[in-house]
Amino acid sequence: MAKRVMAVAVGAMVVLGQVLLGGTAASAAEPSGGLLASGYDTTQRLDPVTGQVLGVVGAGRDATASRSGRLAYVRDVDPCHPDTEGCFGARDLLVTARDGTRERVLVHNPNAQGGVSWPDWSPDGRQIAYYWGTPGERGLNIINVDGTGNDQLVQVGGPGTFAPDGSAIAYVKDGDVFVIDLATRESRAVTTEGLAQFAPPDWSPDGRTIVYAGQSEFLTVPAAGGPSSHAGVWSNPLSGVGAPVFSPNGAKVAFTATEASSDPDTSGTRRVFTARVDGSRLRAVADVDAELTDWLRVRG
């Protein structure tokens with residue numbers, strides 16, 4: 001499986017040929033519409049058409065917003081986890097109010113490595129699913145927002161996202177997409193082709209389709225199960241496709257990928273792309289070394 005691409009820096013982001021040096025994204029603001037792009041320690045909100053940086057969301061990476069606008073993200077709240085080779089990070093899960101105030105730690109990782117990543121809010125805002133990974137343990141967990149009921153749903157399972165009705169969570173394990181019913185805690189395989197990369201899948205707004213990352217494309221599959229549909233082969237090869245997300249109306253998919261350079265001696269460029277669900281109308285939106293966590297609808 002492809003490892004998640006780690007951003008080196010997001011302070012300078014190339015957008016439509018222009019370099020933005022942090023000034024546009026100076027303060028954490030309430031998210032309302034746009035793509036959430038998570039870098040090494042920051043999550044930024046991008047305009048899905050122009051790629052313009054609209055602001056910083058939360059105070060950590062992997063930030064995502066509930067339907068009411070509350071934020072969840074991950075950050076190491078401890079200054080240092082001593083180890084034989086120095087200090088190591090260990091990410092924790094934090095939540096805040098919609099304006100970024102009243103931050104509190106929901107899950108604390110006391111270990112020297114790993115920790116929390118890819119949180120996802122339940123539709124009713126009462127629970128958060130997240131991926132937990134340490135040297136000795138990893139899996140898909142769920143916790144109530146009040147801090148109770150921290151349970152592991154799937155051992156060795158990858159990150160997941162809630163169905164639009166909140167009844168299930170889709171996740172990746174061993175190269176395939178699975179769905180776990182939250183009432184019965186039983187999982188079923190949605191795909192069997194072994195093409196899914198280690199990244200959260202996403203649900204269409206109507207809950208009928210799941211999109212997931214392949215190595216060089218995104219794929220869609222009926223949530224009930226069945227053969228996957230390939231987005232196709234684009235004119236310029238892509239690799240390292242990151243977690244795809246549906247647009248709020250379900251007509252498009254956004255994702256990150258590395259686009260190959262025409263110069264064989266030059267490395268490719270990490271970009272945000274959008275395309276129709278069938279893979280047509282592929283369009284580069286911004287050059288950014290980050291991963292998408294959500295495509296927010298505009299709140300009225």
Side-chain angles (χ1 to χ4, degrees), residues 1-2 4 35-36 48 62 64 67 117-124 127-131 139-142 153-154 156-232 238 240-257 273-280 282 291-297:
M1 291 184 182
R4 187 181 185 203
L35 295 168
L36 297 187
D62 293 353
T64 186
R67 290 182 178 178
S117 58
W118 285 305
D120 187 62
W121 288 89
S122 63
D124 62 10
Q127 294 179 303
I128 295 174
Y130 65 93
Y131 175 73
L140 176 64
N141 287 32
I142 191 171
L153 294 176
V154 182
V156 199
T161 54
F162 280 92
D165 65 2
S167 66
I169 293 176
Y171 64 95
V172 169
K173 182 178 180 180
D174 299 330
D176 279 303
V177 177
F178 291 78
V179 167
I180 183 169
D181 185 296
L182 294 179
T184 65
R185 299 294 176 97
E186 294 183 357
S187 291
R188 60 178 176 83
V190 177
T191 69
T192 57
E193 300 101 329
L195 300 174
Q197 301 299 298
F198 193 79
D202 194 32
W203 300 74
S204 62
D206 61 10
R208 297 179 180 178
T209 305
I210 294 173
V211 63
Y212 65 95
Q215 175 57 36
S216 59
E217 61 176 341
F218 66 81
L219 301 94
T220 56
V221 62
S228 297
S229 297
H230 294 255
L238 303 181
V241 171
V245 292
F246 272 103
S247 63
N249 65 3
K252 294 182 179 181
V253 170
F255 62 99
T256 55
F273 295 88
T274 60
R276 288 183 174 178
V277 176
D278 63 4
S280 62
L282 180 71
E291 299 297 322
L292 300 182
T293 65
D294 206 353
W295 189 333
L296 303 176
R297 66 174 63 250

Quick check for you: to the nearest 0.5 Å, what is the distance between [X] atom [atom1] and [Y] atom [atom2]?
X	Y	atom1	atom2	value
S228	F218	OG	CZ	12.5 Å
I169	D120	CD1	CG	7.5 Å
Q127	W121	CD	CH2	11.0 Å
N141	L153	CG	CG	7.0 Å
D181	E186	CG	CD	7.5 Å
I128	S122	CD1	OG	8.0 Å

Can you confirm whether [X] sits close enough to [Y] that some side-chain heavy atom of one is under 4.5 Å from a side-chain heavy atom of the other?
X	Y	value
P200	Y171	no
S167	L182	no
F162	I142	yes
I180	V154	yes
I210	D202	no
L238	E217	no
W203	T209	no
H230	L195	yes

Walk me through it: do L36 and L292 pass the test side chain to side chain contact (heavy atoms under 4.5 Å, CB included)? CA-CA 6 Å; L36 297 187; L292 300 182; over 6 Å; no
Would you name the heavy atoms of [X] and [Y] that are closest together and state the gap between them?
X	Y	result
P48	T274	O-CG2, 4.1 Å
V190	A223	CG2-O, 3.9 Å
A163	P123	O-CG, 3.4 Å
A213	L219	C-CD1, 4.4 Å
L140	G160	CD1-N, 3.7 Å
P227	P222	O-CD, 3.8 Å

Are a donor atom and an acceptor atom from the side chains of Y212 and T220 found within less than 3.5 Å of each other?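 Distance-only check fails for Y212 and T220.
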Verify whether one side chain among D62 and S117 offers a donor that lies under 3.5 Å from an acceptor in the other.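 S117 and D62 do not have a side-chain donor-acceptor pair below 3.5 Å.
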Answer yes or no: are there more than 12 heavy-atom neighbours, outside R188 itself, under 6.0 Å from its atom CZ?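 Yes, CZ of R188 has more than 12 neighbouring heavy atoms, counting only those of other groups under 6.0 Å.
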Below 3.5 Å, can you tabulate the donor-acceptor pairs from side chains in residues 240-252 to any protein atom, sequence neighbours excluded?
unit_1 : atom_1 : unit_2 : atom_2 : d
S247   : OG     : N249   : OD1    : 2.7
S247   : OG     : G250   : N      : 3.4
S247   : OG     : A251   : N      : 3.2
S247   : OG     : K252   : N      : 3.1
S247   : OG     : K252   : O      : 3.4
N249   : OD1    : A251   : N      : 2.9

Aromatic contact between F198 and Y131, with the criterion being ring centroids under 6.0 Å apart: yes or no?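 Yes - the distance between ring centres of F198 and Y131 falls below the 6.0 Å cut-off.
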